[in-house]
Structure formats: structure tokens, C-alpha cells
Amino acid sequence: MSTSVPFRVHIAASVIIAAALPFLVPSTVLATEILIFGMAVIGCNLLLGYTGLLSFGQALFFGAGAYIASLTAIHWEIGLIPVLLLTILAGAILAAIVGYLAIRRQGIYFVMLTLAFGQLGYYIAFLAEEITGGEDGLLDVPRPPLELPLLPDMTFANDASFYGLTAVIFVLCFLMMQRLVDSPLGSVLKAIRQNEKRAEAIGYQVRLYKIAVFAFSGAITALAGGLYAMMLNFAPLSNIDIETSEQILFMAVLGGLGSLYGSVIGAGVFLVASDFFSELWPRWMLLLGLFLVVVMMFAPGGLWHGLVVGFERLRGRHKTSTEENDHG
Amino acid sequence: MRVRGSFLMSLYLFQTLNGLGLGLIYFLMGLGLTIIFGMMNFVNFAHGVFYAAGAFICYQFIAWTGMFWVGLFAGPIVVGLLALILERFLIRRLYASDHAVQILVTIGLMLILRESILLIWGTVPKNVSPPEILSGVLLIGDFAYPKYRLFIIGVTIVASLGVWLLLERTRFGMTVRAGSENPIMVSMLGVNTSKLFAATFALGVTLAGLAGGLMAPIRGASAFMGAEALGIAFVVVVIGGMGSFVGALAGGLIVGLVQSFTSGFWPEGTNVMIYSVMALIIMLRPNGLFGRS
């Protein structure tokens with residue numbers, strides 16, 4: 001479905017999202033958070049929506065990214081780009097290792113293993129107080145300056161400039177990931193999701209592809225975690241706990257799997273709703289749970305799929321939507 | 001030298017008993033998860049919150065009646081009844097669904113139940129004290145051991161034996177085992193699978209409620225205790241192999257003993273140790289100790 005969309009449309013769409021978002025939501029900080037979590041949800045979507053791997057350990061990559069970015073930014077004065085590149089690299093390596101171990105088992109065991117590795121990471125972070133700050137988290141995380149040749153150094157001290165930075169990174173990541181899922185590699189991933197045995201029989205090294213998609217997922221999720229720590233100036237332990245994994249997964253399902261736009265919508269709707277309801281009622285997660293049950297029982301395609309179907313109905317060509325109905 | 005030797009002996013005995021008690025509780029958790037999965041191919045991510053609910057209902061009945069025994073019985077029974085209701089209106093619609101759908105719906109259920117617990121009992125964890133007769137320690141020679149922990153070992157052994165007899169020696173157990181091998185064949189042979197499934201789900205959840213009620217006097221009752229227990233239950237079945245009674249027992253005891261012995265020399269590191277042991281076992285035996293491939 002998305003392969004038929006020209007790449008320049010994706011360029012325009014992602015730039016419009018990044019440019020319009022601050023005007024659509026109550027605060028710049030919330031807009032920044034949406035783009036950051038949008039990237040983490042894209043990481044989750046690559047695994048679940050495109051490859052059919054339900055990872056319950058995404059917080060491990062998110063939290064690890066937050067710690068790596070914070071530690072390198074605190075201890076080494078190497079500027080923004082090296083910090084983010086190190087974060088991406090660390091996330092990719094960590095995710096490749098976790099993926100390598102977890103895909104030894106399939107189905108439900110795979111899910112349990114990703115959860116267990118996530119928990120292992122959480123307890124290690126909790127224990128390694130001297131490095132991660134343990135329960136208190138890492139305080140005073142700086143936002144390193146961007147040093148580009150021929151240009152003055154850029155700092156991102158205020159919310160608006162940090163949003164600008166996040167928006168540029170978001171657009172670049174979004175387009176790269178869109179390229180990835182539209183590439184031949186992306187087609188192999190979809191083949192694995194639809195029928196793993198057949199993909200194997202055709203001659204694809206399914207295991208290598210799965211490890212590769214874990215690495216991509218870990219890279220973008222860690223990058224999101226690193227940016228989140230810079231946004232908060234703080235890397236809390238909760239970044240790496242099971243609840244963060246759940247929330248990322250929840251946003252992915254809410255928006256709809258198998259579309260990167262769905263991921264951004266999922267992150268946006270979730271964060272705006274939680275911003276709104278958590279002010280009103282401390283037990284608002286109860287509504288979230290009800291909502292999750294209702295969405296999964298009655299609209300398992302998520303919000304994006306609902307939008308697509310609704311739009312096509314409006315244009316009177318809803319018959320074609322059955323072709324796309326292959327993720328479920 | 002002799003004194004030191006006997007001190008070490010009693011320390012090891014103490015930790016072995018602790019590990020046995022914890023391990024049997026984890027076994028109950030893992031067993032509940034595994035019979036539900038084995039029978040209905042259903043993944044229950046709300047299993048941990050039923051454990052927490054068991055602890056709170058136990059607390060509540062003790063608060064009402066002043067009797068520990070009433071609480072200990074009421075916890076699993078009320079949680080089991082709740083499971084029957086949920087099975088009737090929600091869970092049974094999901095047996096044919098994808099695992100991903102089951103997981104996400106039960107996460108939603110977990111959030112609903114956890115937040116309801118927080119609404120009813122507040123955010124401060126509740127303390128539950130064991131009854132008079134079980135408080136204090138039992139002295140055998142120089143060896144002292146908390147009575148309540150011995151009681152846990154006794155109750156879990158009785159409960160496990162009961163479940164084992166139920167599964168292995170009764171008609172109900174026979175159909176459950178047959179159903180976990182081949183549910184379609186069982187329904188073709190004229191067994192009412194919809195009742196069988198409901199009973200199995202309730203039984204599995206009741207075991208989680210019992211585990212929570214038994215743990216309440218040791219760890220208290222907290223709405224967030226379910227997440228840790230769920231993680232442990234997963235480790236138990238991953239180690240032992242899903243769908244296996246013996247596997248759940250072995251997995252539970254391994255986790256319990258590892259936890260108790262690690263706490264002797266590295267108390268903060270017990271959870272890291274548990275998950276590392278699991279990773280190691282998975283590397284050596286990808287299907288778990290007793291799992292079918």
C-alpha cells in the first residue's frame with residue numbers, strides 16, 4: 001500500500017507533521033515528547049507491525065539510550081552529533097544481542113524472553129547506582145551544543161530550539177525508516193510476518209533479518225530515549241521499566257500497525273490524552289485499560305487503519321480496503 | 001571449627017527452606033499460567049494482577065472478620081469467581097485470537113484491575129499479619145525458623161498435591177490434559193469445552209490468588225506487586241517449559257532457591273541473578289527443561 005506513494009509525498013507529510021504539531025497541541029514540550037515517542041513507537045512498529053515480532057522489552061533500548069546519551073553528554077565534551085551517534089550505535093548493538101537471544105524461541109516464549117531481558121536490564125540499572133544513579137536517576141543531563149563547520153555553535157537551551165532539533169531528527173528518522181520499509185528488505189520483513197516458514201523456504205535467512213530489524217528498532221528507540229533524557233535534563237529509572245515498554249506497545253497498537261503514520265498518531269493521541277486525563281483523575285489509567293480492551297476487541301487495526309478505511313469509504317472505494325486487511 | 005560448621009549448616013538449611021517456600025509459591029503462579037496456556041492456548045498477562053488481588057481480598061476479609069483463615073480462603077475463592085465472570089464476558093471471545101491480541105487485551109484488563117485496586121484500597125500498601133499460632137519461630141534444637149514460612153511450605157505442598165491429583169486422577173483432569181493436547185478432538189468426543197475452558201481459567205487464576213494471599217503476611221499487599229510476580233511466573237514457565245506440571249515445579253524451585261541463596265551474599269542482586277539463570281538455561285536448552293519443541 002505505501003509502496004505506491006511517491007517518496008516526495010512522505011517528505012512533505014513528515015515536514016508538515018513536524019511543522020504543524022506545536023500549533024496543534026497545548027505546549028511545545030508536549031509536541032517534543034510526541035515526536036520523541038513517535039520515534040520509539042516506530043521502532044516498536046518495525047518489529048511488531050512489519051515483522052510480526054511482539055517485543056515487550058522496548059523500554060530496555062529506550063532506557064539504555066537515555067543512559068548512554070546522558071553519560072556521554074555529562075562526562076565527555078564531544079558535542080551533540082557524536083553523543084547521538086554513540087547512542088544509536090549502542091542501542092543497535094544491545095538490540096542485536098537481545099534479538100539474537102530472544103529469537104531462539106518463537107511465539108509466546110519469544111514475548112516472555114523480551115520481557116525477561118527488559119526486567120534484567122531494569123534490575124541492572126537499579127543496581128548500578130554509581131553509573132545510572134539507581135532509583136534517583138541521572139540528574140543534570142546537559143543538552144550538548146551542535147558544532148557544524150562554517151556555522152556558529154548551536155545550543156538548545158529553550159523549549160522552542162530543542163523542539164526544532166527534535167523535529168529535524170524526527171523527519172530524518174521517519175524518512176529513513178519509510179525508505180527501509182519500502183525497500184526490498186522491508187518486503188522480506190512483511191513476508192516473514194505473513195508466513196515465516198515460506199520466507200525461510202524461499203531461501204531468506206529469516207534469523208539474520210530478524211536480528212537486523214531488532215538492530216534498527218534498537219537504534220531508533222535508543223535515539224528517542226537519548227533525546228528524551230536531554231529534553232527532561234534527567235534520566236529517570238522509569239525510562240527502563242516495564243511500564244514504559246507497555247506504553248510504547250500501547251501507542252503502537254493504538255495508532256495502528258504496519259504504517260509509520262499510525263505510530264506518530266498513536267504517540268500523539270496517547271500523550272495528549274494522558275496529559276489531559278492525568279490532570280483530572282489520578283486513576284485515569286483505568287480508562288486507558290478499558291480503551292485498550294475496546295480497541296482490541298472492536299478495532300484491532302488501530303486508529304490509522306480506521307482513518308484509511310473511513311477515508312476510502314468517503315471516496316466510495318472501500319472495496320479495495322480488503323486487500324490491505326492482512327495484518328491481524 | 002565445629003561451631004562454625006554447624007552455624008553454616010543451619011544457615012544453609014535456613015536458606016534452603018526459604019527457597020523452597022518461595023519456589024513453591026512461584027510454582028503455583030507458573031502452574032496457573034501454564035494450565036491456562038496449555039488448555040486454551042491463551043496468554044494471560046493479567047495473571048500478576050490476580051495475584052495482587054488475592055493479597056488484597058485476603059487483607060479485606062481479615063479486616064472484616066479478624067480471622068486470618070477466612071482471609072486465606074476468601075482470597076483465592078473471590079479471585080476465582082471474578083475470573084469466572086471475566087471469562088464469561090471477555091476472555092472466551094479471545095481463545096481463537098492471535099497471541100498479540102490476547103496479550104494486549106489482558107494488559108488492558110491488568111490496567112483496569114490494578115487501578116481498581118488503587119481506587120478501592122488506596123495507594124498505601126497494606127500489612128497483613130499472620131495469625132497468633134503462626135507468628136514467631138519454631139525451635140528445633142538450636143535451629144530457629146519462622147512458623148509462618150513453614151506453614152507456606154505445607155500449604156503449597158498440599159495445594160500442589162491437590163492440583164496434581166485433580167489433573168491426574170479425576171475425570172475433569174483427564175479432559176483438561178486431553179484438551180491441552182488436542183482441544184478440537186475433545187470437543188468432538190462430546191465434552192462441553194466451553195464449561196471446561198471456564199473451569200480451567202478459573203482454576204489457574206485461583207492458584208494465582210492463593211499465591212498472593214499466602215505471600216501477603218510476608219510482603220504485604222501492594223497494587224504493584226503483580227508486575228514483579230508476572231515476570232517471575234514467566235521465568236518459571238520459560239525455564240520449565242510451557243504446559244508442563246513438572247516443568248513448572250522445577251522452574252519454581254530453581255527460581256526460589258536461586259533467589260534465596262543469592263540473598264545470602266548479594267541481597268540486592270537476586271533479581272539480576274534470576275533473570276541471568278533464565279538466560280543461561282535458554283541458551284543451553286532453548287525449549288526449557290521439560291518443554292516440548
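We name chains A, B, ... by the order of the sequence lines, and we start the count at 1 in each one. Every value quoted in this text rests on a predicted model; they were computed, and no experiment measured them.
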Report task. Tell me, out of A/Leu48, A/Leu290, A/Ile242, who's got the most heavy-atom pairs with chain B below 4.5 Å. Result -> A/Leu290

Report task. Under 4.5 Å heavy-atom distance to chain A, tell me which part of B/Leu113 shows up: side chain, backbone, both or neither. Result -> neither

**Report entry** Residue part contacting chain B, namely of A/Val111, when any heavy atom lies under 4.5 Å
**Finding:** side chain

Report summary line: Contacts of A/Tyr67 meeting ring pair (Phe, Tyr, Trp, His ring centres under 6.0 Å) (sequence neighbours excluded), chain-then-number -> none

Requested in this report: Sort by residue number and list every member of residues 124-133 of chain A having a non-hydrogen atom under 4.5 Å from chain B.
Outcome: A/Ile124, A/Leu127

Report task. Heavy-atom pairs under 4.5 Å with chain A are the metric here; pick the option from B/Thr106, B/Leu119, B/Val43 that has the most. Result -> B/Leu119

Query raised in the report: After noting the C-alpha distance and the side-chain angles of A/Trp284 and B/Glu115, does the key distance pass the side-chain hydrogen bond (donor to acceptor under 3.5 Å, both in side chains) rule?
Result: CA-CA 8 Å; A/Trp284 73 279; B/Glu115 297 300 309; over 6 Å; no

Requested in this report: Return the minimal non-hydrogen interatomic distance between A/Ile248 and A/Cys44, and the atom names on each side.
Outcome: CG2-CB, 3.7 Å

Query raised in the report: Does the ring centre of A/Tyr122 sit less than 6.0 Å away from the ring centre of B/Tyr275?
Result: no

Query raised in the report: For A/Asp241 and A/Ser238, does a side-chain donor sit closer than 3.5 Å to a side-chain acceptor?
Result: no

Report task. Report the residue from A/Thr51, A/Leu53, A/Val181, A/Val41 that forms a side chain to side chain contact (heavy atoms under 4.5 Å, CB included) with A/Leu46. Result -> A/Val181

Query raised in the report: Just checking heavy atoms, which of residues 252-272 of chain B are less than 4.5 Å from chain A?
Result: B/Trp266, B/Glu268, B/Gly269, B/Asn271, B/Val272

Query - Ring-ring centroid check B/Phe37 B/Phe42, cutoff 6.0 Å - result: no

Query raised in the report: Quick one: what part of B/Ser97 sits under 4.5 Å from any heavy atom of chain A, side chain, backbone, both or neither?
Result: neither

Report task. Heavy-atom distances under 4.5 Å only: say whether A/Leu292 touches chain B with side chain, backbone, both or neither. Result -> side chain

Query - Between B/Phe234 and B/Phe45, ring centroids under 6.0 Å - result: yes

Query raised in the report: With a 4.0 Å cut-off, would you call B/Arg114 and A/Glu243 a salt bridge?
Result: yes

Query - Residue A/Leu54 versus chain B: region with a heavy atom under 4.5 Å - result: side chain

Requested in this report: Evaluate whether atom CD1 of B/Ile184 has more than 12 neighbouring non-hydrogen atoms of other residues, nucleotides or ligands under 6.0 angstrom away.
Outcome: no

Query - B/Glu87/B/Arg93 salt bridge by N-O under 4.0 Å criterion - result: no

Requested in this report: Please assess A/Phe270 against A/Phe291 for the test ring pair (Phe, Tyr, Trp, His ring centres under 6.0 Å), listing each intermediate value before the final yes or no.
Outcome: CA-CA 11 Å; A/Phe270 178 89; A/Phe291 191 60; 9.8 Å; no

Requested in this report: Run the numbers on A/Leu286 and A/Phe277 for side chain to side chain contact (heavy atoms under 4.5 Å, CB included), then give the verdict.
Outcome: CA-CA 11 Å; A/Leu286 199 150; A/Phe277 286 111; over 6 Å; no

Requested in this report: Any side-chain hydrogen bond (donor to acceptor under 3.5 Å, both in side chains) involving residues 29-43 of chain B? Give me the pairs, sequence neighbours left out, ordered by first then second residue.
Outcome: B/Asn41-B/His99

Report summary line: Counting heavy-atom pairs under 4.5 Å with chain A, the top scorer among B/Leu104, B/Val105, B/Ile103, B/Leu111 is B/Leu104

Report summary line: Applying a strict 4.5 Å limit to non-hydrogen atoms, the region of B/Ile232 in contact with chain A is neither

